[in-house]
Amino acid sequence: MRLVSTHVHPVKSLGGVDVDHATVEPWGLRHDRRWLLLRPDGEVLTARTAPRMLGLTATPGPGSITLRDRDGASLTVAEPVDGPPAATALSRLDTLRLAAGEAHDWLGERLGQPVRLGWLDDPRRRPVSATHGGRPGDPLNLSDAGPLLVATLPSLRRLRDWIVEGALERGEPAPDPLPMARFRPTVVLDGPVAPFAEDDWSRVRIGTVDFRAAERCDRCSLTLVDPVTLVPGREPIRTLARHRRQDGKTWFGVRLIPLTTGEIRVGDPVVAS
């Protein structure tokens with residue numbers, strides 16, 4: 001197997017960027033999911049309830065991110081190292097540091113509701129939950145449950161085949177191939193492995209960096225939103241529920257926890273066991 005793509009999403013639930021290399025830190029890829037949007041009451045705003053978020057993109061820079069809308073508007077926001085703390089309802093984290101007010105206004109105008117942009121200054125303040133495979137000392141960025149999410153193209157190809165088969169059974173035309181972007185992975189692998197072989201992995205090495213497989217990833221309604229049109233549909237959950245349902249959930253991908261740190265690069269060899 002080889003690493004075929006790497007993806008960084010600096011702001012939780014916003015569009016991210018594809019990169020040809022990335023630095024693995026104990027809590028995830030550098031720049032990945034260090035920011036998120038808060039409602040005024042401290043609840044986290046995600047694209048599950050605000051799909052318009054997927055139409056905005058965040059690109060990392062030195063000590064900053066640049067937010068972009070599809071109309072070409074952009075705003076660069078500095079990491080609020082000394083920003084005021086704000087309470088958050090995100091699991092296993094009490095506060096974030098708030099960005100400058102212009103960031104809140106820029107995002108709120110585009111999302112049609114008041115929001116605040118928060119930054120996680122130190123991911124060591126947030127542990128990986130033991131219920132998601134975390135062990136003492138495992139830190140986490142602002143991802144839901146694990147530092148990295150790995151997905152494989154053999155699994156996606158099998159899922160695409162199932163979707164087409166289901167459509168034909170219902171007398172519907174075959175849909176366009178489902179993009180991997182629906183699952184928002186951090187790393188994507190390809191090679192001569194069986195579909196969903198990753199379910200049984202316990203260790204993964206990408207290049208020279210080692211990871212522990214923490215758990216399979218249960219999929220939520222965010223995967224139903226087309227990241228291009230921002231229109232929700234029924235796939236892939238409908239098909240996953242038919243072929244990949246267990247314990248009342250549907251599964252695609254595996255969460256990884258770094259055992260070592262270092263740089264990974266597209267084309268790196270991958271060994272899993």
Side-chain angles (χ1 to χ4, degrees), residues 7-18 28 31-60 64-77 79-80 83 86-120 126 140-146 149 178-186 217-238 240 249-250 252-253:
H7 312 274
V8 174
H9 299 83
V11 182
K12 188 179 180 71
S13 272
L14 263 60
V17 293
D18 301 344
H31 304 302
D32 189 55
R33 294 169 171 87
R34 290 290 295 274
W35 305 72
L36 57 68
L37 272 59
L38 295 172
R39 299 180 188 272
D41 62 1
E43 290 292 332
V44 178
L45 182 66
T46 74
R48 297 182 185 94
T49 58
R52 177 71 178 85
M53 293 176 68
L54 296 175
L56 304 175
T57 300
T59 304
S64 67
I65 55 170
T66 297
L67 304 171
R68 291 186 174 86
D69 200 348
R70 291 180 176 180
D71 62 6
S74 66
L75 177 71
T76 297
V77 183
E79 294 175 352
T88 173
L90 186 71
S91 59
R92 304 179 307 284
L93 186 68
D94 53 356
T95 61
L96 293 166
R97 291 193 177 275
L98 290 180
E102 62 177 342
H104 314 327
D105 296 340
W106 192 94
L107 289 162
E109 178 181 352
R110 283 154 179 80
L111 297 175
Q113 59 181 298
V115 297
R116 297 178 297 169
L117 179 62
W119 176 67
L120 177 57
R126 186 178 184 232
L140 181 61
N141 54 24
L142 298 174
S143 298
D144 286 344
L149 174 66
L178 188 80
M180 183 65 89
R182 287 288 188 101
F183 299 103
R184 297 173 67 85
T186 38
C217 183
D218 55 309
R219 307 314 313 205
C220 69
S221 59
L222 181 56
T223 62
L224 299 175
V225 181
D226 186 312
V228 176
T229 67
L230 308 183
V231 175
R234 299 185 66 182
E235 296 295 357
I237 298 297
R238 173 170 57 182
L240 287 173
K249 300 178 181 180
T250 58
F252 189 93

Query - Closest contact, heavy atoms only, R33 versus R184 - result: NH2-O, 3.4 Å
Query - Donor-acceptor contact present, side-chain D69 to main-chain G72, <3.5 Å - result: no
Report task. For D94, check salt bridge (charged side-chain N to carboxylate O under 4.0 Å, His left out) against everything at least two apart and list the hits. Result -> R125
Query raised in the report: Considering only heavy atoms from C-beta outward, does the side chain of T66 approach that of V77 to under 4.5 Å?
Result: no
Query raised in the report: Does the N141 side chain pair with the main chain of D32, one donor and one acceptor, at a distance under 3.5 Å?
Result: yes
Report task. Classify the ring geometry between W119 and W35 as parallel (under 30°), tilted (30 to 60°) or perpendicular (over 60°). Result -> tilted
Query raised in the report: Passes side-chain contact (heavy atoms from CB on, under 4.5 Å), V11 versus L67? Steps please.
Result: CA-CA 9 Å; V11 182; L67 304 171; 4.3 Å; yes
Query raised in the report: Quick one: CD1 on I237 to OG1 on T223, what's the gap to the nearest 0.5 Å?
Result: 3.5 Å
**Report entry** side chain to side chain contact (heavy atoms under 4.5 Å, CB included) partners of S64, counting only residues at least two apart
**Finding:** T76
**Report entry** Close side-chain approach of H9 to L14, heavy-atom, < 4.5 Å
**Finding:** no
Query raised in the report: Considering only heavy atoms from C-beta outward, does the side chain of P185 approach that of M180 to under 4.5 Å?
Result: yes
Report task. Go through the structure and list residues passing side chain to side chain donor-acceptor pair (under 3.5 Å) with E235, not counting sequence neighbours. Result -> R238, T239
Requested in this report: Supply the atom-to-atom distance L56 CG to L111 CG, rounded to the nearest 0.5 angstrom.
Outcome: 5.5 Å
Query raised in the report: What are the two closest heavy atoms between A58 and V17, and how far apart are they?
Result: O-CG1, 4.0 Å
Requested in this report: Apply side-chain contact (heavy atoms from CB on, under 4.5 Å) to the pair L142 and L96, showing each step before the final yes or no.
Outcome: CA-CA 10 Å; L142 298 174; L96 293 166; 4.1 Å; yes
Query raised in the report: Side chains of L117 and L37: does their closest heavy-atom pair fall under 4.5 Å?
Result: yes
**Report entry** Side-chain (R34) to main-chain (L120) donor-acceptor, under 3.5 angstrom
**Finding:** yes
Report task. Taking all non-hydrogen atoms of both residues into account, name the closest pair between L38 and A87 and its distance. Result -> CD1-O, 4.0 Å
Report task. Please round to the nearest 0.5 Å and tell me the distance separating atom OG of S13 and atom CZ of R52. Result -> 13.5 Å
Query raised in the report: Do other residues, nucleotides or ligands put more than 12 heavy atoms under 6.0 Å from the CZ atom of R70?
Result: yes
Query - S91 side chain to R126 side chain, donor-acceptor N/O pair below 3.5 angstrom - result: yes
Query raised in the report: Excluding sequence neighbours, so at least two apart, what forms side chain to side chain donor-acceptor pair (under 3.5 Å) with R97?
Result: D121
**Report entry** Approximate separation, where rounding is to 0.5 Å, of F183 CZ and L149 CG
**Finding:** 9.5 Å
Query raised in the report: Are R110 and W106 in a cation-pi contact, defined as NZ or CZ under 6.0 Å from the six-membered ring centre and within 45° of the axis?
Result: yes
Query raised in the report: Which atom pair, heavy atoms only, marks the closest approach of P10 to I65?
Result: CB-CG2, 3.9 Å
Query raised in the report: Could you give the distance from CG (L224) to CG (L222), rounded to the nearest 0.5 Å?
Result: 8.5 Å
Query raised in the report: What residues, two or more places apart in sequence or in another chain, satisfy salt bridge (charged side-chain N to carboxylate O under 4.0 Å, His left out) together with R48?
Result: D144
**Report entry** Validation row: L36, L90 side chains within 4.5 angstrom (heavy atoms)
**Finding:** yes
Requested in this report: Can you see which heavy atom on T88 is nearest to which on V44, and at what distance?
Outcome: OG1-CG2, 4.0 Å
**Report entry** Residues which pass side chain to side chain contact (heavy atoms under 4.5 Å, CB included) with P227, listed by chain and number, not counting sequence neighbours
**Finding:** A181, R182
**Report entry** Student check: side-chain heavy atoms of V115 and Q113 closer than 4.5 Å
**Finding:** yes
Query raised in the report: Looking at OG1 of T46 and CE of M53, how far apart are the two atoms once the value is rounded to the nearest 0.5 Å?
Result: 6.5 Å
**Report entry** Least distance between heavy atoms, G16 atom then T57 atom
**Finding:** O-CG2, 3.6 Å
